[in-house]
Q: 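Got a structure for you, written out below as structure tokens; questions coming shortly.
The chain is numbered in sequence order, starting from 1.
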Amino acid sequence: MIARIADQLFWFGRYVERADNNARLLFVTHNLALDADLPAEDVWRPVLITSGEHESFVTRHGEEATADAERVQHALTWETESWVSLRRTVAMARDNARTMREVISLEVWQGINELHLWFDTAEATALYAGHRYDFYRHVQRATQLILGFTRSTMLHDAALDLLWLGEVQAVTGKPP
């Protein structure tokens, strides 16, 4: 396997897992904000810190915005300036998948491509605006479906090992 494909497989797994993790983090924090009697800054600032976006978010939006639930969620969901936003992470996973279509299965390609295209639909925008719970759940289900397709439809060879290596790295934050 050439190094370019190995690198893309690793990062594809990493990006899909990051999208899943960030959707879960936003989902849980959104529910926490509704249920807990905490100041908004104590709820949303940790999300920015955990995602590694605190410094760049403050640079773009100002320190006072860390207490604004809508701005934080919007930045971590839609902003392409944010390296960890759901939209950008899914786009980067799709870009990697597009350039190595001969290695991944059709189902994996279709799953990531559909999720990527869904972000540009009126349905996604409306779901985000009206039913945040369902929006984050949709992203979670789609990423889990993609990860399930990788395990069930791809050959269990070096390509799948590299993809899962990226997924493990995304979960643990350190090399396996």
Q: Any sub-3.5 Å donor-acceptor pair from Thr150's side-chain atoms to Leu147's backbone N or O?
A: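 Side chain of Thr150 to backbone of Leu147, a donor-acceptor pair under 3.5 Å: yes, one is there.
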Q: Taking the side chain as C-beta and beyond, is there a heavy-atom pair between Met92 and His116 under 4.5 Å?
A: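 Met92 does not reach His116 side chain to side chain.
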Q: Below 4.5 Å, heavy atoms only, C-beta onward: do Glu53 and Arg60 meet side chain to side chain?
A: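 Glu53 reaches Arg60 side chain to side chain.
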Q: Do you know the tightest heavy-atom contact between Ala19 and Val90?
A: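 Looking at all heavy atoms of both residues, the closest pair is CB-CG2, 4.0 Å.
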Q: Determine, for Trp83 and Arg88, whether the Lys NZ or Arg CZ falls below 6.0 Å from the six-membered ring centre while staying within 45 degrees of the axis.
A: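 Yes; both conditions hold, so Arg88 lies above the ring face of Trp83.
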Q: Among side-chain atoms of His138 and Glu123, is any donor-acceptor pair under 3.5 angstrom?
A: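 No, no side-chain donor-acceptor pair sits under 3.5 Å.
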Q: Hey, are the side chains of Thr29 and Leu25 touching, using non-hydrogen atoms and a 4.5 Å cut-off?
A: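 Answer yes - side chains close enough.
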Q: Which is it for Asp68 and Glu64 under the side-chain contact (heavy atoms from CB on, under 4.5 Å) test, yes or no, and what are the steps along the way?
A: CA-CA 7 Å; Asp68 186 343; Glu64 71 285 347; over 6 Å; no
Q: Decide side-chain contact (heavy atoms from CB on, under 4.5 Å) for Thr143 and Leu115; before the verdict, give the C-alpha distance in whole Å, the side-chain angles of both, and the deciding distance to 0.1 Å.
A: CA-CA 8 Å; Thr143 55; Leu115 181 57; 3.9 Å; yes
Q: Check whether any side-chain N or O of Thr66 sits under 3.5 Å from a backbone N or O of Arg45 as a donor-acceptor pair, and report yes or no.
A: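 Such a contact is absent between Thr66 side chain and Arg45 backbone.
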Q: Tell me whether Val47 is reachable from Leu38 by hopping between hydrophobic residues (I, L, V, M, F, W, Y) whose side-chain heavy atoms are closer than 4.5 Å.
A: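 Same cluster: Leu38 reaches Val47 through Ile, Leu, Val, Met, Phe, Trp or Tyr contacts under 4.5 Å.
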Q: Counting only N and O atoms by type, is there a donor-acceptor contact under 3.5 Å from the side chain of Thr77 to the main-chain atoms of His74?
A: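 Judged by distance alone, no pair lies under 3.5 Å.
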Q: Any side-chain heavy atom of Val108 within less than 4.5 Å of one from Phe12?
A: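 Yes; the side chains approach each other to less than 4.5 Å.
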Q: Are side-chain N/O atoms of Gln144 and Arg141 paired as donor and acceptor at under 3.5 Å?
A: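 No pair is found: no donor N or O on one side chain lies under 3.5 Å from an acceptor on the other.
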Q: With sequence neighbours excluded, give me every ring-ring contact (aromatic ring centres under 6.0 Å, His included) pair touching residues 19-51.
A: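 Non-adjacent pairs meeting ring-ring contact (aromatic ring centres under 6.0 Å, His included): Phe27-Tyr133.
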Q: Let me see the working for Leu86 and Leu26 under side-chain contact (heavy atoms from CB on, under 4.5 Å), right down to the final yes or no.
A: CA-CA 10 Å; Leu86 295 175; Leu26 289 165; 4.1 Å; yes
Q: What are the two closest heavy atoms between Val43 and Ala33, and how far apart are they?
A: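 The answer is CG1-CB, 3.8 Å.
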Q: Using every non-hydrogen atom in the two residues, find where Ser82 and Leu76 come nearest and quote the distance to one decimal.
A: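 Scanning both residues completely, I find the closest heavy atoms to be OG-CD2, 4.2 Å.
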Q: Is any side-chain heavy atom of Asp95 closer than 4.5 Å to a side-chain heavy atom of Arg98?
A: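 They are in contact (side-chain heavy atoms under 4.5 Å apart), so the answer is yes.
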Q: For residues Arg87 and Thr80, report the shortest heavy-atom separation together with the two atoms involved.
A: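 Closest approach of Arg87 to Thr80, heavy atoms only: CD-CG2, 4.2 Å.
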Q: Between Phe135 and Trp118 (judged by ring centroids, cut-off 6.0 Å), do the two rings come close enough to count as a pair?
A: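 Under 6.0 Å, so yes.
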Q: Test side-chain contact (heavy atoms from CB on, under 4.5 Å) on Tyr136 and Val28 and set out the steps.
A: CA-CA 9 Å; Tyr136 295 135; Val28 167; over 6 Å; no
Q: Ignoring hydrogens, what is the shortest heavy-atom contact between Ile112 and Ala97? Give both atom names and the distance.
A: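 Smallest heavy-atom distance, with atoms named: CG2-CB, 3.9 Å.
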Q: How far apart are the closest heavy atoms of Ala75 and Ser85, and which atoms are they?
A: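 Shortest heavy-atom contact: O-CB, 3.4 Å.
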